[in-house]
Amino acid sequence: MKPIYSSAKEAVADIQDGATIMVGGFGLVGIPEQLILALVEKGVKDLTVISNNCGVDEWGLGLLLKDKQIKKMIGSYVGENKEFERQVLSGEIEVELTPQGTLAEKIRAGGAGIPAFFTPAGVGTTVAEGKEIREFYGKDYVLEEALRADFSLIRAAKADKFGNLIYNKTAQNFNPMMATAGAVTIAEVEEIVETGDLDPQTIHTPSIYVQGLLQADQEKRIERLTTR
Amino acid sequence: MKPIYSSAKEAVADIQDGATIMVGGFGLVGIPEQLILALVEKGVKDLTVISNNCGVDEWGLGLLLKDKQIKKMIGSYVGENKEFERQVLSGEIEVELTPQGTLAEKIRAGGAGIPAFFTPAGVGTTVAEGKEIREFYGKDYVLEEALRADFSLIRAAKADKFGNLIYNKTAQNFNPMMATAGAVTIAEVEEIVETGDLDPQTIHTPSIYVQGLLQADQEKRIERLTTR
Amino acid sequence: MGKVNYRERIARRAEKEINDGDYVNLGIGMPTLVANYISEDKTVVLQSENGLLGIGPYPTEDEVDPDLINAGKETVTSIPGSAYFTSAESFAMIRGGHVDVAILGAMEVSEKGDLANWMIPGKMIKGMGGAMDLVHGAKKIIVIMDHVARDGSAKIKKECELPLTGKQVVHKIITERAAIDITPDGLELREVFEGFTIQDVIDSTEAPLIVKNVIENVK
Amino acid sequence: MGKVNYRERIARRAEKEINDGDYVNLGIGMPTLVANYISEDKTVVLQSENGLLGIGPYPTEDEVDPDLINAGKETVTSIPGSAYFTSAESFAMIRGGHVDVAILGAMEVSEKGDLANWMIPGKMIKGMGGAMDLVHGAKKIIVIMDHVARDGSAKIKKECELPLTGKQVVHKIITERAAIDITPDGLELREVFEGFTIQDVIDSTEAPLIVKNVIENVK
């Protein structure tokens, strides 16, 4: 029922210069690897990217950074990416650092028709500067507005042809909220199964949020291999 | 790891007159049957009850209504309960009717540390009277505050001993949010399995939200049996 | 044409508002009937605000599961490709603009698209249920109802007298007599159904109607 | 006692702040070490803000799953009774006050419990990650860190100079030299660790310390 793209190139064909895109993943886990590579190849520029991290220097969103395709980055953590830190400190890239929970909630709110909400995170810090502060039950909270995107590029383990998605372990992270907050959500999945093959009680992302599917093998690079 | 009560009576022992309780379920589906019966038996009074519906005349929360144990009801739909409608129209019970989505979100917010949020539901109606209205992107939204409870009484299909919960089909409804918004959450479950027996990818309510478990058989009365 | 057939005609006409691939929420009562008339050419996924995407037909007696109901509390089944979720997720879906069409009943609709369908002060309180969220969330809001009240009084009014469910939210009204669009200029009469005349519809509607391109004798 | 052993001592001391049955979030770096010292008498469930409740030990080489990491991006395992969820759910848990203890690293802590641990203007930007949410959500916020910076300057100050992570959020500071509570009256020195004197701690702390009931020579 949902379009299945024949290539990553086809999947990102409608993404134009200046687009706002959400990209799923935490570190390199759960990132839509092939969709990102397709954006690099397409050379689309002036992107506003909403993603918790910005990849590493040679993989994931780090590739878009290196090519200076990102105008503005909204995320919570840049620690692992030297080129990102360099572009931020030199002012080459605009960055909006957002507490991770606030980022997750802003994206959820965007997908859920909630334009703004109060949260304690960031009160008394630079994050709350210029924003409304209000007291509830004797504690201060800051008003944060929702985020939406033109496109959400996400990664799941399995999809059925309706577009229902199941994620693997901690590869879930930001993907389900981003699926809800993109005007167009494209899911890169490891496997597409027949409609009806997924248990409806275990669906993480219901099909209503998904506009297109791409089956693609994943490298799943490991950032910090740590063993016993 | 979580206490397993030997009876519904023991499970509700700490609930005192004047308590605010959330009770899961939609209609009669997913209600904590035995915990409600224990509240009736206990005769606890002046309750503020937060629940989407208020049972039917002879079952579920309707039993608490009949005994006049409820001082105030916060819910979205009372249509199926004649005694409720009578008490509301006669002013015997205080009622705060809340749009169903707003109710669900207020409870989620309560559990998620969000004190208030804006929603479009109810703008221009009596629901928004006395509340702040603010425009975002050219549309009006009303500010709604979070709900929390002293106790949340919920119903699940399965629990493990850690307190992880899985619900059955549409018996999920309000239960997962209520699990997060009770200072003490007591889950009435059809089956308790060993820790490790539930697939961690299919958990609906993680154990962190659950303070106690009761295994109890369910009558599962059907409000509107409709067949082909 | 009896009342029952009117209901069927309304449901059949409402079905035409649904496109292939749409996600649709059907309200309690007459709107639920629309499910029976969805064309086999269309893949339509029905959302139930109590936490189900993909309502199936009513169960056989053997299939009845007391834990599986629709928002009207009727026992139902679910289709292949369905998903269950919480009420919060369900209304995230609704409020977030992901549902394509909502078909609701009404007590009154105003010419501006105001809707009243949840209470009669001092007489009847059902509660708004999910209607106040739906009217702000679904991309297209269709009201289906009897054209007039039991006492013959108009239900399509200049202003609603009953407490509102939502202001300026309805896009289209379908009754046993007519299909009417709510436009920025007011109510525009689009179709008059067999057995009624344009004048019949005008006479039984309190609000003024724009009558420009009306298709008459629609079956 | 070398640096490595100091880290172990700090981690062992921090472990004492965790009760049986607690849900605990351990920050990146030294806080992660605390997991190695949790008493076998306690059932403790570790929360990872990237969507896991129930972090297990590091995997054997055969067990490594690239889709299973902690918030520090290290490959981990999960324990029986664990659950996976979204980042939104993870922070609902954190912000909603469900996590009993959070143990975090710090660059600076003030006598009021202000915490700075996410950037040095013009020099280093790591981002705040989940720290700004954690400091407002967890019931008890423990900071563990070196008592002084590499250049010997104090990290426990009257006022933080670096951009804050949160204001008045820290409950306890544990370093290689001391355990200090943040109280409404200021910093109260509770324990001084073996190898250091009360005076050592006072000298290496910029903010004044309340010295009333101090346990000395703690191992």
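Reckoned from all heavy atoms, side chains included, excluding hydrogens, waters and symmetry mates. Chain letters run A, B, ... following the sequence lines, proteins first, then strands; residues in each count from 1.
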By a 4.5 Å heavy-atom criterion (distance strictly below it), what part of C:Asp65 contacts chain B: side chain, backbone, both, or neither? side chain
Atom group of C:Ala83 that falls short of 4.5 Å from chain B, counting heavy atoms: neither
Taking side chain as C-beta onward, heavy atoms only, is B:Met177 less than 4.5 Å from C:Ser87? yes
Using a cut-off of 6.0 Å, state whether more than 12 heavy atoms not belonging to C:Lys139 lie near its atom NZ. yes
Could you look at C:Leu68 and say if it's the side chain, the backbone, both or neither that has a heavy atom under 4.5 Å from chain B? both
Between B:Val127 and chain C, which part of the residue has a heavy atom less than 4.5 Å away: side chain, backbone, both or neither? side chain
Partner chain B: residue of C:Gly127, C:Ala88, C:Pro66, C:Gly129 with the largest heavy-atom pair count (under 4.5 Å): C:Gly129
I'd like to know if the side chain of B:Thr170 and the backbone of C:Ile69 have a donor-acceptor N/O pair within less than 3.5 Å. yes
Which residues from residues 209-228 of chain B are near chain C, with near meaning under 4.5 Å between non-hydrogen atoms? B:Lys220, B:Ile222, B:Glu223, B:Arg224, B:Leu225, B:Thr226, B:Thr227, B:Arg228
Going by heavy atoms in the side chains, are B:Met178 and C:Thr86 under 4.5 Å from each other? no
If you tally heavy-atom pairs under 4.5 Å between each of C:Lys167, C:Arg95, C:Met119, C:Gln168 and chain B, the highest tally belongs to C:Arg95
Which atoms of C:Thr165 come close to chain B, meaning under 4.5 Å heavy atom to heavy atom: side chain ones, backbone ones, both, or neither? backbone
Would you say C:Lys140 has more than 12 foreign heavy atoms packed within less than 6.0 Å of its NZ? yes
Between chain B and each of C:Gly51, C:Pro59, C:Gly166, count heavy-atom pairs under 4.5 Å; write down the option with the most. C:Pro59
Counting only heavy atoms not in B:Glu135, do more than 12 fall under 6.0 Å of its CD? yes
Is any side-chain heavy atom of C:Met132 less than 4.5 Å from a side-chain heavy atom of B:Thr125? yes
With a sphere of 6.0 Å drawn around NZ of C:Lys219, does it hold more than 12 non-hydrogen atoms of other residues, nucleotides or ligands? no
Looking at chain C, which one of B:Thr126, B:Thr98, B:Asp140 has the largest number of heavy-atom pairs inside 4.5 Å, strictly under? B:Thr98
Residues of residues 113-121 of chain B contacting chain C, heavy-atom criterion under 4.5 Å, by residue number: B:Thr119, B:Pro120, B:Ala121
In chain order, what residues pass the ring-ring contact (aromatic ring centres under 6.0 Å, His included) check against B:Tyr167, with sequence neighbours excluded? B:His204
Any side-chain heavy atom of C:Phe91 sitting closer than 4.5 Å to one from B:Glu105? no
Atom group of B:Gln100 that falls short of 4.5 Å from chain C, counting heavy atoms: both
Please determine whether the number of non-hydrogen atoms from other residues, nucleotides or ligands lying under 6.0 Å from atom NZ of C:Lys172 exceeds 12. yes
Given the options C:Asp114, C:Leu134, C:Ile28, C:Asp133, which has more heavy-atom pairs under 4.5 Å with chain B than any of the others? C:Asp133
Interchain contact, B:Arg86 with chain C, by part (heavy-atom threshold 4.5 Å): neither
With a cut-off of 6.0 Å (strictly less than), are more than 12 heavy atoms of other residues, nucleotides or ligands near NZ of B:Lys82? no
What residues of residues 52-74 of chain B make heavy-atom contacts with chain C at a cutoff under 4.5 angstrom? B:Asn53
Residues C:Asn50 and B:Asn173: side-chain donor-acceptor under 3.5 angstrom: no
Counting heavy-atom pairs under 4.5 Å to chain C, which of B:Pro176, B:Gly30, B:Pro99, B:Gly27 comes out on top? B:Pro99
Region of C:Glu49 in contact with chain B, defined by heavy-atom distances below 4.5 Å: both
Between C:Asp67 and B:Lys169, what is the shortest heavy-atom contact and its length? O-CB, 3.6 Å
Most contacts with chain C, counted as non-hydrogen pairs under 4.5 angstrom, among B:Gly75, B:Ala104, B:Ala128: B:Ala104
If you count heavy-atom pairs under 4.5 Å between each of B:Leu28, B:Val88, B:Thr102 and chain C, which one has the most? B:Thr102
Below 4.5 Å, heavy atoms only, C-beta onward: do B:Phe26 and C:Lys73 meet side chain to side chain? yes
